[in-house]
2 protein chains.
Amino acid sequence: MDEFQPPGRLVTLTDVARAAGVGESTVSRVLRNHGSYSKRAGERVAEAVARLGYVPNRLAGSLAGQGASARLVGVVIPSLANVVFPDLLRGLTAALDAAGIPCVIGVSDYDPDREEALVAALLSWRPAALLLTGLEHNPGTVALAKTGGVRVVEMIDTDGEGIDAVVGFSNRAVGAASARHLVARGYRRIAYLGHDLAVDLRAGKRLAGFEAALGEAGLAVQAKEIRPGPSSPASGRAGLEVLLARYSDLDAVYFSNDDMALGGYFACLAAGVAVPGRLALFGFNGLDFAAAMPQPLSTVRTPRLEIGRQAAACLTGESPKRIDLGFELIEGATA
Amino acid sequence: MDEFQPPGRLVTLTDVARAAGVGESTVSRVLRNHGSYSKRAGERVAEAVARLGYVPNRLAGSLAGQGASARLVGVVIPSLANVVFPDLLRGLTAALDAAGIPCVIGVSDYDPDREEALVAALLSWRPAALLLTGLEHNPGTVALAKTGGVRVVEMIDTDGEGIDAVVGFSNRAVGAASARHLVARGYRRIAYLGHDLAVDLRAGKRLAGFEAALGEAGLAVQAKEIRPGPSSPASGRAGLEVLLARYSDLDAVYFSNDDMALGGYFACLAAGVAVPGRLALFGFNGLDFAAAMPQPLSTVRTPRLEIGRQAAACLTGESPKRIDLGFELIEGATA
DNA sequence: TCGCCTTTTGGCAGCGCTGCCAATCCGGTT
DNA sequence: AACCGGATTGGCAGCGCTGCCAAAAGGCGA
């Protein structure tokens, strides 16, 4: 820190070696605690590192190291606006930070072409692994992922074939379980209220599972209200107001997720619609607020953090290629 | 793609050069569209790149390039559980992705020592910039950031001195404005309900501003309920129940943020406490759900996305060192 | 004290790329 | 036909580090 340094030039390993009076390899060995070195060498290097304020250059390290892959993982998520993905990252970073591996993230905005571009960009950093969301990708994305020489983990969705490892749960099964719950509770005139399905394919899978299970019970969705744009309480509220105005005899609404359901609940409160007496509400995700509502929301809790953790675990140990973490139906008081 | 490749060895720029029948420098020029090259060279390179499935190695590129800094930015945030930070990342990635610059993120869990470790780890990737949250850091963090040779941007908080650039708003001013609003509306017996202040220093600054402004009006906070752990609707609900049980004459509650306030609102709904007639509620952040509530939450909207965007802008152009993006008080219907 | 084996050490090539420079090419001039 | 300036090109050093290897140092019994 207190040495003269030509401006613009950062301290290098060679500088440390010179300052410590040892060879470069020794410094490298000490810093990585790899190979053998004497106590004396260790101390001198540590001292020089502290004195010079040396920060290793991992660009060089990764390039030189065997495999030439960086201790980084690339993550592509479709959005940061939906709590699900930050939660996923939370589980992921918790597990990876412990191993000192940072995440390089890209946000695709639910656009497969953007996803492909991001995958290419991330692969250029030679990450140790690539974490994607969902199972549906451009052919180009798949090709890149396969030839990239990295481990690939696809998160959240298990309804389909993955490139390599898959960690998540079945969205179809969630939809089906939700439908069976509503049917068992005696609801018959059921509507669906969701955000843009063409964009959020997993919400579409849940709806498909939901409709299939309703069908098995001889029922069908009475009305579908699909709101453009991302899910949000505001969208859910507006959507439920539309449904209430248009259909007077609904007895339950299945929402694409808890955010939408919260908005629906607000709409019911505002309009004086009794929940679940007059209208039952069922969500998806099991977000934190669901349990704090005056009437706990009936929903399905998804293992979001655990998916992130397991995905991280896939990178280190030899994990099974396919991990279905399941989900938990929360009965709540709204359906 | 269809060529023979020794397993484990990825296609390099040299391979592309050979396949295209040009020199390495030409390939490099074409790929970066930098310097001049003939149309013919461009086409042959593009063809070879496509045929071999070449993905550039930015590790090597950044190492060789001048300044040896990577087209990456390092971001350290305290948490992913609070919507604020994903929102920040959202603004950031939106602006950076456009420039093809990915973020490497670290989550400090509000722990200054972890933050320091993360800064050191991120600097070792030689990012073009380092984005931190808040102004309070370990001395070691500051030292690293200053000698790291990177641009440093501290986000969210403008109440204090920054290392280099600062983008955010004044949390003290937010607290003061909130207090003045409550006072102007005639509330006198005001409580504070928050999550752990020792950990979330910005919430502490808001409270300080709030109390200072109350003091100017000759008032004081009647009760403080500080909940351990992070903010959440569940914590807000439990906290408000405690306050209601303990103090019968409160007329308003200032929450550390909207999540807590939502929980408080739920507590009021559940207990049949009229809002704002019997108890006024005031939040912070202006989250999406606040406007969708049956009674829109009175709160302060913070420019979270814009902070991210401006922080990204700080990296490219020559921006002012200090950007105060202000905030907006939303009157709502709960206070 | 010597020789043998183990531990510790330093030198140096090379990871894949970029920047620099000199060589080459091309078209139009004289 | 020789010449000139700009556009285009290839060779090669070197970015900072690691892996390999051979050399040096140290330990120990004979």
Side-chain angles (χ1 to χ4, degrees), chain A residues 5-6 8-45 48-49 52-72 123-127 148-149, chain B residues 5-6 8-45 48-49 52-72 123-127 148-149:
Chain A
Q5 271 172 40
R9 199 179 145 280
L10 273 64
V11 182
T12 70
L13 181 140
T14 309
D15 297 329
V16 174
R18 199 163 17 232
V22 299
E24 297 176 31
S25 336
T26 301
V27 177
S28 177
R29 276 186 290 258
V30 171
L31 290 175
R32 289 177 301 147
N33 194 28
H34 177 270
S36 68
Y37 55 88
S38 62
K39 197 181 161 204
R40 202 183 98 95
E43 285 162 0
R44 300 191 61 161
V45 169
V49 164
L52 301 180
Y54 171 66
V55 176
N57 184 336
R58 283 186 195 273
L59 293 172
S62 302
L63 181 61
Q66 54 197 6
S69 94
R71 302 230 336 138
L72 277 179
L123 282 177
S124 72
W125 293 103
R126 295 291 184 270
Chain B
Q5 272 171 40
R9 199 179 145 280
L10 273 63
V11 182
T12 70
L13 181 140
T14 310
D15 298 328
V16 174
R18 201 165 12 236
V22 300
E24 298 177 30
S25 334
T26 301
V27 177
S28 176
R29 276 186 291 257
V30 171
L31 290 175
R32 289 178 300 146
N33 193 28
H34 177 269
S36 69
Y37 55 88
S38 63
K39 196 181 163 204
R40 200 182 100 95
E43 285 162 0
R44 299 191 62 162
V45 169
V49 165
L52 301 180
Y54 172 67
V55 176
N57 184 336
R58 284 188 194 271
L59 256 31
S62 303
L63 182 61
Q66 55 198 6
S69 96
R71 302 227 341 136
L72 277 179
L123 282 178
S124 72
W125 294 104
R126 296 291 184 269

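- With contacts defined as side-chain heavy-atom distances shorter than 4.5 Å, the pair B:Leu63/A:Asn57 qualifies.
- Within 4.0 Å of A:Ser25, counting heavy atoms only, lies at least one base atom of the nucleic acid.
- The rotation axes computed at either terminus of the helix from C:dT1-D:dA30 to C:dT30-D:dA1 lie 50° apart, taking five pairs at each end and rounding to 10 degrees.
- Distance CZ (B:Arg18) to C1' (D:dG10): 14 Å, rounded to an integer number of Å.
- As rounded to whole Å, 14 Å separates atom P of C:dT8 from atom CD of A:Glu43.
- Counting non-hydrogen atoms under 4.0 angstrom, B:Ala41 reaches the backbone sugars and phosphates but no base.
- Each of B:Gly65 and A:Val27 was matched to the nucleotide of DNA chain D holding its nearest heavy atom; the match closer to the 5' end belongs to B:Gly65.
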Quiz item: How far apart are the C-alpha atoms of A:Leu72 and B:Trp125, what are their side-chain angles, what is the distance that settles it, and do they pass the side chain to side chain contact (heavy atoms under 4.5 Å, CB included) test?
Solution: CA-CA 10 Å; A:Leu72 277 179; B:Trp125 294 104; 3.7 Å; yes

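- Whole-Å rounding puts the A:Leu13 CG to C:dG11 P distance at 13 Å.
- Within the 4.0 angstrom heavy-atom criterion, base atoms lie near A:Arg29.
- Judged purely by atom type and a 3.5 angstrom limit, A:Arg44 uses its side chain to pair as donor or acceptor with the backbone of A:Ala20.
- The distance from atom CG of A:Leu59 to atom P of C:dT18 is 13 Å, rounded to the nearest whole Å.
- Rounded to an integer number of Å, the gap from OH of B:Tyr37 to P of C:dC25 is 22 Å.
- If you check every strand for non-hydrogen atoms under 4.0 Å, A:Thr12 touches sugar and phosphate atoms only.
- When rounded to the nearest whole Å, the span between CG of A:Leu63 and P of D:dC17 equals 12 Å.
- Rounding to whole angstrom units, CG of residue A:Asn33 and C1' of D:dT18 are separated by 16 Å.
- Taking atom CD of residue B:Glu24 and atom C1' of nucleotide D:dG11, one finds them 9 Å apart after rounding to whole Å.
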